[in-house]
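Report on one structure; see the data block that follows.
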Amino acid sequence: MVEYVQGEERGEAWLKKACDPWVVGTADFREAGHQDAWLGDGLVGQRVGRGGPVEGLAAAEACMIHGLWGEDALLHPPRWCGLRLRVGGQEYSLSAGEHEGFSQQLDLRKAELTNLDRWHVGGRTMQLRTVVFLARSRPGVGLIEVELRADGLMEVTLEDELDAEGTASNGPWTWEVREGEIVAGAAEMGLTRHKLAMAGGVFFLGGQEWDQRRVEVAIERGRAVRQVTWRAQAGRTYRVGKAVALVCPAAWREKEGETRQLSAQAAQRVRAAGEEWEQVRREHERAWAELWQSRVEIEGLPRLQQLVNAALYQLYGMLRPGVAWSVGPTGISGPSWGGRVFWDADLWVFPGLALLQPELAKSIVEYRWHTLEGAKRNAVKDGYAGALFAWESAETGEEKIPAQHYPVHEQRHVNSDVALAQYQYVLISGDETYLKERALPVILEAARFWASRVKFNAEKERYELPRMFCADEFAGIRDNNAFTNYSAVVTLGNAIKLCRKLGLEYPALWQDIMARMYYPWDQENQRYIEFDGYKGQTIKQADTVLMIYPYQMPMSDAVKANVVDYYRTKYPPGHIMMASAIDGIVDCELGRTERAWEAMLDLLPHFRGPFWLVSEQPTNSCISFVTGLGGFLQLLIHGFGGVRVGEEGLAARPCLPGGIKSLRIHGIHFGGKRMELEIQRDTAGQARVEVHG
């Protein structure tokens with residue numbers, strides 16, 4: 001199977017191409033289909049244009065912060081990421097002058113974006129090198145380093161700007177000059193009035209001599225602008241750094257204090273970063289090196305390894321310990337869906353991430369505990385017991401789906417997906433305190449909802465779930481979506497297991513529901529039916545197949561094959577990533593290496609160059625689609641690696657398709673322990689597992 005995307009075939013031959021698995025980027029700033037680079041420190045996410053940070057400020061929607069919620073969407077902070085460079089009165093731009101030796105490269109290992117350019121303009125030449133990164137070791141601190149070298153005497157101006165015009169602030173931004181030439185400001189944001197502070201400073205690095213250096217600061221309306229000008233000598237290298245700090249107490253669920261106090265904190269962090277520039281970089285690189293101790297290593301396909309590293313880089317950059325917020329379908333990489341949280345986080349992103357980085361994945365499950373009261377209010381509003389987790393959840397957990405999208409929110413399987421992630425986290429982490437204080441309340445309230453939502457069909461002596469919006473969104477509201485019905489049974493079963501473990505009582509009704517739940521079944525073709533009355537319509541995404549994985553419904557291999565093979569023929573052209581990843585995992589479970597490999601290749605068109613962000617569909621711009629990244633990671637770990645999480649322990653039944661010679665999962669966690677899984681083919685060609693540690 002070969003896909004043709006953006007002028008190049010993407011198949012196994014493409015995956016075998018030699019490349020540096022840790023560096024992605026481009027040497028052609030004119031290339032079609034370019035998607036801007038993304039940086040993330042687990043708190044702040046920032047997109048950076050192809051010209052790098054010296055081509056002006058990034059767009060307002062390019063920056064996102066966890067916890068900075070408006071009434072129903074994440075708010076964008078003031079624009080901070082960028083500078084303007086003028087040489088001899090000419091402003092740097094990729095559309096101005098001539099450019100030689102241009103490149104923009106993202107070092108995935110270090111999470112640093114570097115631009116190189118030799119700019120010819122007005123008869124003069126300026127060599128440029130810029131580096132920008134969000135300091136992992138100092139959350140909310142961004143650093144931009146500019147290195148310049150001129151071929152002759154010329155005046156150089158770097159203009160630094162913090163721009164709050166157009167932000168959803170509740171009142172004006174109050175910029176002021178602090179601690180020398182550091183500019184800091186703060187405001188209350190949106191109707192929620194969450195406080196946000198930002199500060200920025202420019203620092204002269206490297207101990208060079210600066211001829212006729214001068215600094216001017218201007219504050220006007222919502223903007224703070226600083227101009228740094230000097231006379232550059234021919235052949236001399238100059239290094240200038242811009243440090244920015246964002247302080248958002250809501251991101252940490254902290255008391256917010258006074259805006260002036262937060263402004264002072266931001267200024268202090270900028271001053272410290274400027275004075276400890278190289279130390280900040282070393283700390284940042286060590287922090288990322290620690291994250292990379294948990295990774296997936298593939299032998300035999302260099303380009304696939306690069307995609308894997310890019311996927312992990314994005315997932316790791318989305319979350320951090322202590323930030324108990326989840327991720328929307330594009331996380332903090334883009335504004336799609338307003339940053340609101342769906343089942344995507346719990347069922348698609350969480351499973352693979354939790355095995356590699358349980359402390360990062362903990363944010364996803366903790367978010368659901370923090371929003372449990374909002375979920376209870378949702379249930380009361382709809383007339384049910386327990387908790388009803390929102391289809392689109394924001395700060396409080398109450399339903400925030402836009403009115404025009406009703407009744408999609410009737411996808412109540414989200415309750416089961418939330419509960420399943422809680423249960424899996426307890427198994428993976430071995431955290432008994434989390435189990436008793438947080439996971440248990442979430443799972444019990446989800447179970448209570450299902451017990452109040454089912455209907456007993458006395459005539460047929462079975463329980464049913466009428467009028468449910470299917471996981472397959474094309475289907476709409478139907479009776480007895482098989483996946484939803486089984487997910488409710490799993491939720492009830494896990495709740496019963498925990499009650500027994502902790503010596504708690506539970507309603508006998510729960511067991512009766514489990515024993516007599518109805519699932520639509522096609523006797524002639526020996527497969528489950530998506531819903532009552534399904535007649536082979538086109539489906540949007542994986543639905544019935546989710547009963548096999550991740551819900552692990554007991555069924556024969558023959559039935560599994562009947563289900564996955566039938567429904568994979570019902571997808572539309574250019575379908576979303578949420579389909580192929582799950583199908584491939586089931587193929588691996590069935591030992592069908594060729595079909596599993598086709599599922600992998602089917603994901604390739606979603607990777608968008610040059611930094612391998614992913615899109616929901618091959619042709620849309622919902623980027624970077626964290627849901628798809630999670631599915632891709634699960635295909636590697638749970639599909640090719642065959643890893644399964646259960647009460648009895650961690651199991652692995654691997655399947656190595658295509659040109660994969662070996663698969664190593666470094667730093668996989670279970671029961672609070674860290675292990676290494678090494679999967680290789682034996683002399684008979686069978687995949688074998690070795691466990692170390």
Side-chain angles (χ1 to χ4, degrees), residues 41 43-44 46 53-54 56-58 63 65 77-85 130-135 137-146 156-165 167 169 172-189 195-208 210 213-230 238-249 251 256-281 283-284:
D41 66 358
L43 175 72
V44 177
Q46 177 70 54
V54 292
L57 295 180
C63 186
I65 305 176
R79 298 193 299 157
W80 65 271
C81 186
L83 296 156
R84 291 186 179 88
L85 169 65
T130 64
V131 180
V132 57
F133 62 95
L134 289 165
S137 55
R138 302 191 186 190
V141 173
L143 297 184
I144 299 172
E145 182 176 315
V146 183
V156 177
T157 298
L158 276 175
E159 185 176 277
D160 161 36
E161 183 177 339
L162 304 177
D163 180 11
E165 288 189 8
T167 60
S169 56
W173 272 76
T174 53
W175 299 110
E176 58 182 322
V177 179
R178 286 175 171 267
E179 299 185 33
E181 294 167 346
I182 293 176
V183 175
E188 294 180 340
M189 301 292 288
K195 293 181 174 65
L196 175 67
M198 176 181 284
V202 172
F203 301 89
F204 301 95
L205 309 173
Q208 305 97 326
W210 301 82
R213 186 177 78 186
R214 62 184 185 275
V215 179
E216 300 174 1
V217 179
I219 298 174
E220 51 185 42
R221 299 192 300 276
R223 299 168 62 242
V225 181
R226 175 191 5 252
Q227 288 188 352
V228 178
T229 304
W230 72 94
Y238 298 88
R239 291 176 63 226
V240 183
K242 174 181 177 178
V244 173
L246 296 96
V247 176
C248 180
E256 304 201 19
E258 298 297 324
T259 53
R260 187 170 180 82
Q261 180 185 16
L262 298 177
S263 179
Q265 289 180 22
Q268 183 179 14
R269 293 177 189 182
V270 167
R271 172 62 65 191
E275 293 175 350
E276 302 164 2
W277 196 274
E278 297 305 328
Q279 179 181 335
V280 173
R281 171 173 279 164
E283 292 172 352
H284 164 76

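Residue numbers count from 1 along this sequence.
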Looking only at non-hydrogen atoms, find the nearest pair between [X] and [Y] and report the distance.
{"X": "L57", "Y": "G82", "result": "CD2-O, 3.7 Å"}
{"X": "V280", "Y": "S137", "result": "O-OG, 4.0 Å"}
{"X": "A197", "Y": "S263", "result": "CB-N, 3.7 Å"}
{"X": "P53", "Y": "V132", "result": "CG-CB, 4.4 Å"}
{"X": "L134", "Y": "G142", "result": "CD2-CA, 3.9 Å"}
{"X": "H284", "Y": "A135", "result": "ND1-CA, 3.6 Å"}

Is the closest side-chain heavy-atom distance between [X] and [Y] below 4.5 Å?
{"X": "L196", "Y": "P78", "result": "yes"}
{"X": "L162", "Y": "W175", "result": "yes"}
{"X": "W210", "Y": "V240", "result": "yes"}

Any chance you could measure [X], atom [atom1], to [Y], atom [atom2], to the nearest 0.5 Å?
{"X": "L143", "Y": "F133", "atom1": "CG", "atom2": "CZ", "value": "4.0 Å"}
{"X": "W173", "Y": "D163", "atom1": "CH2", "atom2": "CG", "value": "11.0 Å"}
{"X": "W277", "Y": "R239", "atom1": "CH2", "atom2": "CZ", "value": "8.5 Å"}
{"X": "R269", "Y": "I182", "atom1": "CZ", "atom2": "CD1", "value": "13.0 Å"}
{"X": "L83", "Y": "I144", "atom1": "CG", "atom2": "CD1", "value": "5.0 Å"}
{"X": "M198", "Y": "T167", "atom1": "CE", "atom2": "OG1", "value": "9.0 Å"}

Residues, nucleotides or ligands: over 12 heavy atoms within 6.0 Å of E258 CD: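 It does not: E258 CD has 12 such atoms or fewer within range.
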TODO: Show your working on side-chain contact (heavy atoms from CB on, under 4.5 Å) between F203 and R271 and close with a plain yes or no.
DONE: CA-CA 9 Å; F203 301 89; R271 172 62 65 191; 3.7 Å; yes
[X] side chain to [Y] backbone, donor-acceptor under 3.5 Å:
{"X": "K242", "Y": "G200", "answer": "no"}
{"X": "E256", "Y": "K195", "answer": "yes"}
{"X": "D41", "Y": "G140", "answer": "yes"}

Trace of the side-chain contact (heavy atoms from CB on, under 4.5 Å) decision for V215 with V202 | CA-CA 10 Å; V215 179; V202 172; over 6 Å; no
Using 30° and 60° as the class boundaries, would you call the ring planes of F204 and W230 parallel, tilted or perpendicular?
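Answer is perpendicular, since the angle exceeds 60°.
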**Step-by-step side-chain contact (heavy atoms from CB on, under 4.5 Å) determination, L85 to V146** = CA-CA 10 Å; L85 169 65; V146 183; 5.7 Å; no
Original post:
Should E145 and R281 be marked as a side-chain contact (heavy atoms from CB on, under 4.5 Å) after you check the CA-CA gap, both sets of side-chain angles, and the distance that decides it?
Top reply: CA-CA 11 Å; E145 182 176 315; R281 171 173 279 164; 3.4 Å; yes
